[in-house]
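Reviewing the structure listed below.
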2 protein chains.
Amino acid sequence: MASIKDVAAEAGLSVATVSRVLNDHPSVSDDARRRVMAAVEALSYRPNAVARSLRTDQTRTLGLVISDVMNPYFTELARSVEEEARALGYSVIIGNADERPELQDHHVTTLLDRRIDGLLVSPTDRGSPRMLEAARAGTPMVFVDRWIPGVDVPVVRSDGRDAVRDLVAHLHALGHRRLAIIAGPAATTTGRERVDAFREALGDHGLDLPDAYIGQGDFQADSGRRVTEGFLDLAEPPEVVFAADNLMALGALDAVRARGLRVPDDLALAAFDDVRWFVHTDPPVTAIAQPTGALGRAAVRALVDRIEGRPGESVTLPARLVVRRSCGEPAPTTQSPHPSPVRRSTS
Amino acid sequence: MASIKDVAAEAGLSVATVSRVLNDHPSVSDDARRRVMAAVEALSYRPNAVARSLRTDQTRTLGLVISDVMNPYFTELARSVEEEARALGYSVIIGNADERPELQDHHVTTLLDRRIDGLLVSPTDRGSPRMLEAARAGTPMVFVDRWIPGVDVPVVRSDGRDAVRDLVAHLHALGHRRLAIIAGPAATTTGRERVDAFREALGDHGLDLPDAYIGQGDFQADSGRRVTEGFLDLAEPPEVVFAADNLMALGALDAVRARGLRVPDDLALAAFDDVRWFVHTDPPVTAIAQPTGALGRAAVRALVDRIEGRPGESVTLPARLVVRRSCGEPAPTTQSPHPSPVRRSTS
DNA sequence: CCTCCTCGTGGAATCGATTACATGAGGAAT
DNA sequence: ATTCCTCATGTAATCGATTCCACGAGGAGG
């Protein structure tokens, strides 16, 4: 593969001049510019990004360490992150942690070794030494969706408190009184917060959340199935399950169906995270929708701000409830794939 | 960030020795090794992958340019690619082409600029000059899922011919005679092949595929919706639509539902690509399942073989039919989320 | 005791770019 | 005519690693 020296030789100029042309530095003659361009063309030369990065100490690359790529929510997040990054002139390298701390650590390490300019993380746990160390050492970093308390890093996330309140009001209005939740891992902020928000909202209606109605999941479908089976085996099973993410809701659907029961008649179901498939499931699932694209974009902007020496602030965007049929209400008759929400949180 | 020089200074040795320890070269004394390790620890030194790559001319990184990350089939493929690559000591950088040739070209270019060791592509079109040039120039490359005829690059894909034949037999047995297809872009091999296989299978039953029953889609949900609406507007609409990928099937489902019609009663539906959500849609969708994980792994192995100087061969794996309820047959009574296929292709 | 190997180590070149500094030509100002 | 700038260009240092080559110490064999 042709290097800058080959181009310089072909053009009859020094590498310095070639470099100047390539980085359109003002002080080059038109003649030199033309000759360099011709040589570049003739050799189909492309600058070596590795060499350039070594010299300039910047890779124009962002690392994104995500909890689980197979989760449509994170897939969408990753996509919006890449789009915004590309618009700002950065590439993105995605690392999939699969909800496993040791894999997360592996990806953080290799990304850091590659000297990415900044790191976007949706932490699976409370943070490995390597990650905390990097944050302390000043590697530009932003948490997205989930975060680690006590670490001084901007957080871009969505606040589901209002939406959960709307959801509980909706469920209460439908006559449900025994409400259960399939929680996410306690090591994640989203795992804890969603339970807290749910409990708080139940409190508003004078209901409480007994321990038996808190199932411990891990954000994966299997755990949703397992927890739901446990709920159905209780002497007094809940009337509704609220899954803290879309995959556990899918697992819950599996469990209900495997027993030959029906949603919502035998057990109502709601989920955190709205995904397009929820429109087509049997029945369509009532869910709390996060502004996923906006989160990804905001996270990238905050990170790039940090990288380029600007402040880079935390952002919190509201989630909203999307009512469908999985909790018992007849479907609003509408053509739209996303029936109108009960209430839209203010932004 | 500490460099190898700092480590050398701290250990009281030369950078050469430090480098030898780090790459566990045989000829280093135990004493030197200990001192280097101590210095590495003390400075929490990590080697700079950028510098290393420049010197060794290898990045231990694979590029994966995928047609559409939001498509669950490709998400799963990407995941298996990353897993296998990691097992073989490589990282993966994913570029999402979003079915847009110019985006595909953008990613191929930046990946090549970064001097990735090899490229895995699922081409969106017939190939940009840059990509064809890279293939000709000997950049290790493997096509996965889709390929470009006439380019001398191994292809790892799945053959759906038998499964499509099984599908058509199934549809025919259910009494369907007017069968339509939502095709993928003609620029892609999968777009063309699935239509051919379908037509051929229809021929086996003395049926033909009129032009009016071939809708032109682009592998995205919207096109599935549009084409299906067109089918429903025909004087003699088809009894079945076969969508050439899962997203177009989703669009078809939208279209049917928007008219207040039912699957399979008013229109039966089948899809190429099985995704886990198809079990839970209303009704569960009959689909052709590709061995996605195996494809991803085989593709990585073929690519790494090429990179490391071994042959690196093409692989074709069979797809199989998974019957559910969207074509009219009552569901087989089973607990399994994937009811037993009508017939399993031999591997 | 001399020669020859082996082993551990260090010096320095190298990968492909960017960039500070030097240089020389040519024009403007005095 | 002399001095001083500006502009286009080149030389060479540099980034952080790897690796070829040279060298000295020490042991084995004659």
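Given the structure is predicted, the values throughout are model-derived calculations rather than measurements. Per chain, numbering begins at 1; letters A, B, ... match sequence-line order.
- Rounded to an integer number of Å, the gap from CG of B:D57 to P of D:dA17 is 18 Å.
- In this structure, A:A32 reaches the sugar-phosphate backbone alone: every heavy-atom distance under 4.0 Å involves primed, P, OP1 or OP2 atoms, never a base.
- For the 3.5 Å distance criterion, the side chains of B:S53 and B:R115 fail to qualify, holding no donor opposite an acceptor.
- Distances shown here put every side-chain N or O of B:S27 at or beyond 4.0 Å from the OP1 or OP2 atom of C:dT6.
- Residue A:E41 places its CD atom among 12 or fewer non-hydrogen atoms of other residues, nucleotides or ligands, all under 6.0 Å distant.
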Exercise. Step by step, would you call A:I307 with A:Q58 a side chain to side chain contact (heavy atoms under 4.5 Å, CB included)?
Worked result: CA-CA 10 Å; A:I307 291 171; A:Q58 49 163 329; over 6 Å; no
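- Relative to the side chain of A:N48, the nucleotides D:dG10, C:dG16, C:dG10 differ in distance, and C:dG16 lies closest.
- Applying the 3.5 Å distance criterion, the base of C:dG8 shares no donor-acceptor pair with the side chain of B:R33.
- Neither OP1 nor OP2 of D:dT18 sits under 4.0 Å from any side-chain N or O of B:R20.
- Whole-Å rounding puts the B:L54 CG to D:dT18 P distance at 11 Å.
- Remark: the A:R55 side chain and the D:dG16 base include no donor-acceptor N/O pair separated by less than 3.5 Å.
- Whole-Å rounding puts the B:D6 CG to D:dC15 P distance at 11 Å.
- Counted by atom type alone, B:T109 and B:R130 present one or more donor-acceptor pairs between their side chains at under 3.5 Å.
- Within the structure, a side-chain polar atom (N or O) of B:T17 is placed less than 4.0 Å from OP1 or OP2 of C:dG10.
- Put simply, A:T56 has no side-chain N or O that comes within less than 4.0 Å of OP1 or OP2 on C:dT18.
- No side-chain donor from either of A:E83 and B:N96 sits under 3.5 Å from a side-chain acceptor of the other.
- The 5' end of DNA chain C is approached more closely, in terms of each residue's nearest nucleotide, by B:D31 than by the other of B:A51 and B:D31.
- Within the 4.0 angstrom heavy-atom criterion, only backbone atoms of the sugar-phosphate kind lie near B:N23; the bases stay farther away.
- Within the 4.0 angstrom heavy-atom criterion, only backbone atoms of the sugar-phosphate kind lie near A:S3; the bases stay farther away.
- B:L13 comes within 4.0 angstrom of the backbone, heavy atoms only, and of no base.
- Taking only side-chain nitrogens and oxygens, A:S14 never comes nearer than 4.0 Å to OP1 or OP2 of D:dT9.
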